[in-house]
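Heads up: the structure comes next, in structure tokens.
Sequence lines set the chain letters: A, B, ... in the order given, protein chains first and strands last, and positions in each chain run from 1. Every value quoted in this text rests on a predicted model; they were computed, and no experiment measured them.
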Amino acid sequence: MARTQDEGAPNAVRLGRGRSKRRLGPARLRSYFEDTPLGATIFPTCHDGGMVEISNPDKVYFPDDGITKEQVVNYYQTVAPVMVDHLVGRPLTLQRFPDGIGKSGFMQKNASKHFPDSIERVEVPKEGGTTNFPLVDNPDDLVYLANQGTITFHIWTSRQPHLDCPDRIILDLDPTEDAEPPRDAALAARTVFDDIGLDSGLMTTGSKGYHVVAPIEVDHDYDIVGQMARILATVMAVRDPDTLTIEFRKKKREGRVFVDWLRNRTAQSAVCAWSIRPRKGATVAMPISWDELEGTDPDHWDIDTAPDRADDPVIWPDPNALDVEKVLALGEDHDVEPEESFDRFRS
DNA sequence: GTACCTG
DNA sequence: CAGGTACAACGCGGC
DNA sequence: GCCGCG
Ligand SMILES: [Mn+2]
Ligand SMILES: [Mn+2]
């Protein structure tokens with residue numbers, strides 16, 4: 001059960017004056033392991049003695065803001081208890097900037113060999129081979145990856161043990177450059193979800209748009225769920241063709257909000273809640289309530305303000321069953337057909 | 001940030 | 001031993 | 001066949 005730290009080392013951050021590395025106390029677990037007494041110190045995976053070291057803490061990661069690597073790692077340490085719930089079981093794509101966002105970064109799908117064993121890998125087939133995605137299920141591993149220069153975490157819409165079947169539908173509202181926050185688009189997404197009996201939640205992306213997220217019972221594969229998402233997005237665009245589009249080409253969007261349903265296809269990913277974005281201001285993707293939509297711009301929350309909400313986070317609604325027939329009927333009402341290959345009687 | 005390869 | 005490099009990638013429609 | 005897109 002709960003263990004205490006070795007040799008009476010203090011739990012508080014030990015500031016190594018004049019040293020190049022700092023140690024954080026062991027990350028705390030709260031909501032994920034619900035039977036853990038608050039404040040107990042446990043080491044579910046116990047690498048590095050439960051301590052996570054910050055290398056190069058003073059390296060500047062956000063040049064415009066003077067935000068250091070230490071601040072980034074400390075941020076993930078602080079929000080880990082709530083963020084881990086969003087990561088558990090989901091293949092991760094890491095967006096890493098080892099020298100800060102002023103230098104070039106890269107996306108990483110395969111877990112590096114030097115990642116600790118406590119970070120599980122899941123092997124996923126791809127066209128010419130396989131990808132070994134990393135999985136995170138505890139705060140220490142999240143903090144480890146932050147120390148590896150990860151600024152943003154991207155996740156699948158499915159999770160173990162059912163990686164073939166999404167547990168949510170995401171409608172990603174992408175405005176064009178210099179457009180107003182797509183609030184009406186978010187409300188329209190909520191409406192189509194309501195129309196088919198799905199409760200939905202709302203998230204700022206930390207950039208220019210919102211994600212509307214509808215948890216679903218794990219029952220349909222990516223083919224089905226992807227098609228349902230396409231129909232829903234198309235219905236939105238049919239209902240409000242002047243402000244919404246599913247047109248992939250930017251030139252053809254003509255100022256309209258792109259309803260991006262492609263997040264729901266296999267092997268695609270979407271930014272994870274509580275992730276920092278590699279943008280000026282170190283903004284954060286943050287779940288918010290529908291009541292907050294009017295007063296919350298997509299880039300409202302940031303690395304400084306987000307931890308304030310970690311104690312009382314907005315969480316996704318409970319999943320509902322995805323009623324495929326209802327989606328097809330809604331589509332037909334708007335002259336939206338499923339793809340030719342779609343067979344409603346497949347298993 | 002780190003491993004690995006090349007010179 | 002220093003320096004350079006890799007570290008994603010899947011469509012799917014339109015040109 | 002590439003390009004544009006996340
Ligand atoms: Mn978006
Ligand atoms: Mn998008």
Side-chain angles (χ1 to χ4, degrees), chain A residues 20-21 48 52-61 68-70 72-73 76 91-116 119 121-134 141 143-157 170-177 182 205-211 222-223 225-227 229-230 233-234 237 245-254 256-272 275 277-279 285 298 338-342:
Chain A
S20 64
K21 295 185 174 182
D48 192 26
V52 180
E53 226 167 51
I54 307 179
S55 51
N56 301 310
D58 298 324
K59 183 183 277 193
V60 174
Y61 264 21
T68 62
K69 181 183 180 189
E70 180 175 37
V72 169
V73 178
Y76 281 114
L92 297 183
T93 300
L94 312 176
Q95 194 174 5
R96 296 175 57 190
F97 294 83
D99 294 312
I101 68 168
K103 301 288 183 59
S104 61
F106 55 93
M107 304 289 283
Q108 179 171 1
K109 298 196 169 186
N110 280 287
S112 298
K113 248 177 288 183
H114 69 271
F115 289 178
I119 296 179
R121 280 80 160 164
V122 58
E123 187 170 2
V124 175
K126 64 174 182 185
E127 63 170 41
T130 62
T131 302
N132 279 79
F133 286 89
D141 291 336
V143 172
Y144 174 87
L145 293 174
N147 186 59
Q148 288 289 301
T150 306
I151 299 289
T152 309
F153 295 81
H154 301 266
I155 56 175
W156 281 25
T157 58
I170 300 175
L171 290 175
D172 166 22
L173 293 326
D174 289 338
T176 55
E177 226 40 50
T205 63
S207 179
K208 294 179 201 147
Y210 302 98
H211 286 187
Y222 272 100
D223 279 345
V225 175
Q227 294 239 29
R230 185 185 59 78
T234 308
T245 181
I246 58 167
E247 184 57 59
F248 197 63
R249 300 225 152 198
K250 277 187 171 175
K251 277 190 297 186
K252 294 195 169 185
R253 293 182 195 167
E254 296 171 342
R256 294 172 291 178
V257 174
F258 176 45
V259 183
D260 181 1
W261 57 274
L262 299 164
R263 303 303 94 220
N264 302 285
R265 298 186 69 86
T266 182
Q268 295 294 303
S269 62
V271 63
C272 183
S275 282
R277 308 308 301 273
R279 300 167 50 87
E339 280 175 18
E340 197 67 33
S341 60
F342 187 76

Hey, is the side chain of [X] poking within less than 4.0 Å of OP1 or OP2 on [N], counting only N and O atoms?
{"X": "A:T131", "N": "C:dA9", "answer": "yes"}
{"X": "A:K126", "N": "C:dA8", "answer": "no"}
{"X": "A:Y222", "N": "C:dC10", "answer": "no"}

Self-check item: No-hydrogen, no-angle side-chain donor-acceptor test under 3.5 Å, A:R263 and A:T157
Solution: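 On atom types as modelled, these side chains do not qualify, holding no pair under 3.5 Å.
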
Measure the distance from [atom1] on [X] to [atom2] on [N] and round it to the nearest whole Å.
{"X": "A:K109", "N": "C:dC7", "atom1": "NZ", "atom2": "P", "result": "13 Å"}
{"X": "A:F97", "N": "B:dT2", "atom1": "CZ", "atom2": "C1'", "result": "17 Å"}
{"X": "A:L94", "N": "C:dA6", "atom1": "CG", "atom2": "P", "result": "19 Å"}
{"X": "A:L145", "N": "C:dC7", "atom1": "CG", "atom2": "C1'", "result": "14 Å"}
{"X": "A:R96", "N": "C:dA6", "atom1": "CZ", "atom2": "C1'", "result": "11 Å"}
{"X": "A:F115", "N": "B:dA3", "atom1": "CZ", "atom2": "C1'", "result": "12 Å"}
{"X": "A:D99", "N": "B:dT2", "atom1": "CG", "atom2": "P", "result": "11 Å"}
{"X": "A:Q108", "N": "C:dT5", "atom1": "CD", "atom2": "P", "result": "19 Å"}

For a quick check of understanding: with a heavy-atom distance under 4.0 Å over all strands, which category does [X] fall into, base, sugar-phosphate or nothing?
{"X": "A:T266", "result": "nothing"}
{"X": "A:N147", "result": "sugar-phosphate"}
{"X": "A:K69", "result": "sugar-phosphate"}

Identify the heavy atoms of [X] and [Y] that sit nearest to each other, and give their distance.
{"X": "A:Y61", "Y": "A:F97", "result": "CZ-O, 3.7 Å"}
{"X": "A:L92", "Y": "A:F153", "result": "CD1-CD2, 4.3 Å"}
{"X": "A:S275", "Y": "A:T152", "result": "CB-CG2, 4.0 Å"}

Quiz item: How far does the P atom of C:dA8 sit from the matching atom of B:dC4, given to the nearest Å?
Solution: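 To the nearest whole Å, 15 Å.
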
Quiz item: Rounding to the closest angstrom, what is the interatomic distance between D:dG6 and C:dA6 at atom P?
Solution: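 About 25 Å, rounded to a whole number of Å.
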
Under 3.5 Å, side chain of [X] to main-chain N/O of [Y], donor-acceptor pair present?
{"X": "A:D172", "Y": "A:H211", "answer": "no"}
{"X": "A:R121", "Y": "A:S112", "answer": "yes"}
{"X": "A:K208", "Y": "A:P298", "answer": "no"}

Quiz item: Can you give the dot-bracket line for DNA chain D, using ( ) for pairs inside the strand, [ ] for pairs that cross earlier ones, | for pairs with another strand and . for unpaired bases, where Watson-Crick and G-U count if both distances are under 3.5 Å?
Solution: |||.||

Self-check item: From CA spacing to verdict: side chain to side chain contact (heavy atoms under 4.5 Å, CB included), A:N147, A:Y76
Solution: CA-CA 10 Å; A:N147 186 59; A:Y76 281 114; over 6 Å; no

Exercise. Just do the side chain to side chain contact (heavy atoms under 4.5 Å, CB included) check on A:L94 and A:F115 with the steps written out, would you?
Key: CA-CA 13 Å; A:L94 312 176; A:F115 289 178; 3.9 Å; yes

Self-check item: Nearest to side-chain heavy atoms of A:P98, which nucleotide of C:dC10, B:dG1, C:dA9
Solution: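 That would be B:dG1.
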
Practice problem: Calculate, to the nearest 0.5 Å, the distance between atoms OG1 and CZ belonging to A:T205 and A:R277 respectively. | Solution: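 With rounding to 0.5 Å, OG1 (A:T205) is 5.5 Å from CZ (A:R277).
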
Quiz item: Reading nucleotides 1-6 of chain D 5' to 3', which nucleotides get B (base under 4.0 Å from a protein heavy atom), which S (sugar-phosphate only), which -?
Solution: --BBBB

